[in-house]
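Input: a single structure, listed below in structure tokens.
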Number of protein chains: 2
Amino acid sequence: MAGKRDSHPRSVWLTSKPARKRRESESAAGAGNLDREKIIATAVRLLDAKGEAQFSMRLLAAELNVTPMSLYWYVSNKDDLLELALDSVIGEIRLPKINVRSDWRKDLRALAGAWRHTLVAHPWAIRCYGEYLNIGPQSMGFTQRSQEVMARSSLSKEDQLVALSAVFQYVYGFASTESRWLEYGRKTGSTVDEFVAEVAASVSGIPGAQGGLLERRSTQTMKELRDRDFDRALDWLIAGMLA
Amino acid sequence: MAGKRDSHPRSVWLTSKPARKRRESESAAGAGNLDREKIIATAVRLLDAKGEAQFSMRLLAAELNVTPMSLYWYVSNKDDLLELALDSVIGEIRLPKINVRSDWRKDLRALAGAWRHTLVAHPWAIRCYGEYLNIGPQSMGFTQRSQEVMARSSLSKEDQLVALSAVFQYVYGFASTESRWLEYGRKTGSTVDEFVAEVAASVSGIPGAQGGLLERRSTQTMKELRDRDFDRALDWLIAGMLA
DNA sequence: ACCTGAACACCGTTCAAGT
DNA sequence: ACCTGAACACCGTTCAAGT
């Protein structure tokens, strides 16, 4: 993986030259000038707007009024760029203030919720997260903050790591599912509620298959149900690890 | 997503013509003849062997000694083919025998473990699972069996669905992480243990970042640790939902 | 130091045509 | 009913060359 194109993948974060040497003259040069941050920011914007499928190095270059090959002066390939873009959106996650007196479980839930929010806001980032090592500076910062939260729990040092992994694996799976349905709804031009109903109807036509997970569970909107389900399973997990 | 190429995605399973009409003459025709099942089986084999990045319609056609365009007689595009391939590997999952007298939690753990096993065995399927609706016949069969297992629990009908989703979202996240590290290890030609150690060493060079989740936790092998972590968090979740 | 043009080796897919 | 050839509209990336 990681390196759809590369056969011997290396994370950007593991390249020997830690990053392209930033040029000294970072004065207020012409606003049209290229630099790494601008490329990454534009990439994120395009990925959000057009989706990963429509995103290409060529499109990005055009958006920056530059030749595709210019980009390769700043990033070594598309995979590296995506890995950089991913870390950059991880940096958007709103970290809860660490308050020594507050309940660490509240902070953990806040971290999980913030992460879910960011992932769902950038569907392409979910796929990237599943493909790349996530060891960029922003990612490490997020992990560190999470560990600080867990450190206030009564769990053993080792259990803190296991618990943290479990929580974020759950959140990742949840966000992935959530995003998938949102995207399908968006692309078919219907609300999620409508789309789910349509799929449920279509699927119920198959003999032997009951609606199952697609069944309408109440009169609440999907969004409300999703929020509630997210919190409930998170509570189960936290309750279980403390039992 | 779903439809990297298509802008108005529809699952294979939602196409109005439910499947291409199977030809009546399914006699023992020449072994070299094309058909849908053979195409799907070959696709799965190639995806496993070469990885999704190397897999292409053209490669698949070559493997089948046929022109790329022949494939489009049987599947309408690459996305549909991947969706079919995904459902086909879901069909490989070894479902636990439903035993009315056995503990349903044991069956649930068996389902989760079997699913994890299948996902990790087919890394490309993980990405597909995150991208497509998973409503093919095999997928529905798996879901149905899962619901039968949950039906033996003391949970309310609605909680059964919430719990099932949570469990499989966790397993999906776990398998995604697991597969990612396995793939990186494989591609760099090292064991996972070696690769993790290498990354941990590299990352620890960054100021302010402690090893964190990459820290070596014991003398056990990664495989043993992964298995234990997987079971523990699953137990937490199950314990939590019953509390 | 930074950017470009031309080219290479690929993609998925359409469409008209063959048998 | 099934398969093909040629073509279209793309990709990411290399490499030598420009300034």
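We name chains A, B, ... by the order of the sequence lines, and we start the count at 1 in each one. Computed over heavy atoms, backbone and side chain alike; hydrogens, waters and symmetry mates excluded.
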Might you list the N or O atoms of the protein lying below 3.5 Å from N or O atoms in nucleotides 17-19 of chain C, with each pair's distance?
none

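- Taking atom P on both dA9(C) and dA9(D), the two are 22 Å apart, rounded to the nearest angstrom.
- In this structure, CH2 of Trp73(B) is placed 21 Å from P of dG12(C), rounded to the nearest angstrom.
- Per the geometry, CG belonging to Leu71(A) stands 12 Å off C1' belonging to dT4(C), to the nearest Å.
- Under a 4.0 Å N-O distance rule, the pair Glu198(A)/Arg10(B) qualifies as a salt bridge.
- Under the 6.0 Å distance and 45° angle rule, Arg116(B) counts as a cation-pi partner of Phe230(B).
- Salt-bridge annotation for Arg180(A) and Glu183(A): absent, with no side-chain N of the basic residue lying under 4.0 Å from a carboxylate O of the acidic one.
- Between Thr67(A) and dT4(C), a side-chain N or O to OP1/OP2 separation shorter than 4.0 Å is present.
- Contacts of Phe55(A) classified as ring pair (Phe, Tyr, Trp, His ring centres under 6.0 Å), with partners at least two apart in sequence or in another chain: none.
- Comparing Pro68(A) and Arg58(A) along DNA chain C, the residue whose closest nucleotide (by nearest heavy atom) sits nearer the 5' end is Pro68(A).
- Here dC2(D) presents its P atom at 10 Å from CG of Leu34(B), a figure rounded to the nearest Å.
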> Given Watson-Crick or G-U pairs with both distances under 3.5 Å, what dot-bracket string fits DNA chain D, with | for other-strand pairs and [ ] for crossing?
Replying inline: ||.|||||...|||||.||

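- Considering all non-hydrogen atoms of both residues, Tyr172(A) and Ile126(A) come closest at OH-O, 3.1 Å.
- As rounded to whole Å, 14 Å separates atom P of dT14(C) from atom NZ of Lys78(B).
- Ion pairing of Lys78(B) with Glu52(B) is absent here, as no side-chain N (NZ or NE/NH1/NH2) approaches a carboxylate O to less than 4.0 Å.
- At dT4(D), none of the side-chain N or O atoms of Tyr72(B) fall inside 4.0 Å of OP1 or OP2 (strictly under the cut-off).
- When each of dT4(C), dC3(D), dG12(C) is scored by its nearest atom to the side-chain atoms of Ser70(B), the top-ranked nucleotide is dC3(D).
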> Please walk me through it: do Tyr132(B) and Asp87(B) pass side-chain hydrogen bond (donor to acceptor under 3.5 Å, both in side chains)?
Replying inline: CA-CA 10 Å; Tyr132(B) 302 117; Asp87(B) 197 59; over 6 Å; no

